[in-house]
Every structure is written in C-alpha cells, then in structure tokens.
Amino acid sequence: MARALIIDLDDTLYDEHSYVLSGFRAVAAEVAGRHPGVDARALFDVMQAELDAHGRGKVFDRALAQAGITPDPETVAGLVAAYRAHEPAIALWPGVVEALADLRRDHRLAILTDGLPLMQRRKVAALGVEALVDEVLYSWEHESPKPDPACYAEALRRLGTRAEETVVIGDNPGHDMAAARAIGARSIRVLTGRFGAQPDAGFPADAVVASFPEALPVLRGGRFGAAA
Ligand SMILES: [Mg+2]
C-alpha cells in the first residue's frame, strides 16, 4: 500500500475555470470602481465571452476597449496584477474534504502546485486546504516548474517517504504523470478539468479515475495492483 501521496491542486481538487471567472469578477469590479460609467456585470460578460471565443490572451484588452477605455499596456498590466492578487471565491469539489481526511488516516499527504506563487498561495488559502494535508509545495518557489522532478524530490524528503511507496495524483499527464515517472513513483490521473478529454501525451498513468474521491478505492487496493 502507498504510504504517501503528492497531489496536484488546479483541476484536481477544484475547478480552475472557477478561479479564472473569480478573477474576471474582481477585475471588472475594479474597473467599474474607477470608471463610474462602466457596469461591472457587463464587463464581466465581455471577458467571459472573449475567453470562450479566443482564450485568455487578450481578455483585458478587449474588455477595456468595449468599455471605451484605451487598453494601453500600463492599464492592462494593472488589471493583470489585480487578477493575480485577487482573493478568489473558489471551493473544493464535492467529496474532496472527506477524501483527504480519509486518506490522511494512513498516508502522508502533500499538495504540489505549479504557477505563480502569489496566485497559488491565495488559492490554497481560499480553499482552506493547507489544514487538510501535511505539506504544501509551490514548484515555482523551488525554481522547478512541472514536470521538473526537483520539487517532487523535495516533497518526498518532507514527507519522509521513498518514491516507490508514493503515488502522484493529478490531471495533467505531461506534468503530473511525467514527473511521477521521472522520480519513479506511480500515478493516478483524474479526468476532471480541461485535460480530461486530452490524450495522455505519452505519459500513461497507472490508474485513471473520473474525479479525486474515486482515487480512494484504487489506493486502498481494489484496482491499483497488489503493491499499492
Ligand atoms: Mg492541474
């Protein structure tokens, strides 16, 4: 049986899309606060429509232009900063709190998350997830963005376990499963989030489940293999 788990955050324990929308709401409110003629709700709708149509690249430029505000680089940079620093209104997916509590009875647990530490730390705080695990690691603070194995090695050190008795759980095969392979740990892929319908990018997991709570029966020996 596995003794420790290294768990991804975004799209594994909560819906990252909800974070993006939370950030848009905060930015829209900030713009509306500075420009009395701008309606925050309408601005949010423009951002969401732009995201759906073209992705994140020009969301703030288009929203400003729609509101009749010149999207000069300084103004856009200010909105990006507001987005990154906002206190997100996000929540763990159903069953995640209970699953972590159950797993913690017989595993050491680490969350290892990628991305700007300012943003990732605010997500962790908003989700209240720090109290549910033994360690939280921010890969960018270790200058080892996923799938660099260096931060995973640090997680093993902090957890006091070897790779062979540790399982990596995450949604992104090219990051989470690739890192698991690099350190010699097994992995469980969750199909939640935007990678759910994507191929495994050459990094197949040892088990695949629909969502995080469904990793429990796999880990407890049902479908993961005798050594798990
Ligand atoms: Mg993820």
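Sequence positions, counted from 1, serve as the residue numbers for this chain. Numbering of ligands and ligand atoms starts at 1, following listing order.
- Under the 4.5 angstrom side-chain criterion for Ile, Leu, Val, Met, Phe, Trp and Tyr, the cluster partners of Leu156 are Ile6, Leu112, Leu137, Tyr152, Leu159, Val168, Ile183.
- Applying the 6.0 Å contact sphere to CD of Gln198 captures more than 12 heavy atoms from other residues, nucleotides or ligands.
- Atoms of the protein (N, O or S only) found under 2.8 Å from the Mg ion (ligand 1) are Asp8 OD2, Asp10 O, Asp171 OD1.
- Other residues, nucleotides and ligands contribute more than 12 heavy atoms inside 6.0 Å of the CD atom of Glu98.
- Judged as a side chain to side chain contact (heavy atoms under 4.5 Å, CB included), and not counting sequence neighbours, the contacts of Asn172 are His175, Asp176, Phe195.
- For the salt bridge (Lys or Arg N to Asp or Glu O under 4.0 Å) criterion with Asp134, the lone passing option out of Arg3, Arg158, Arg104 is Arg104.
- Applying the salt bridge (Lys or Arg N to Asp or Glu O under 4.0 Å) test to residues at least two apart or on different chains, the pairs with a partner in residues 21-50 are Glu30-Arg34, Arg41-Asp45, Glu50-Arg62.
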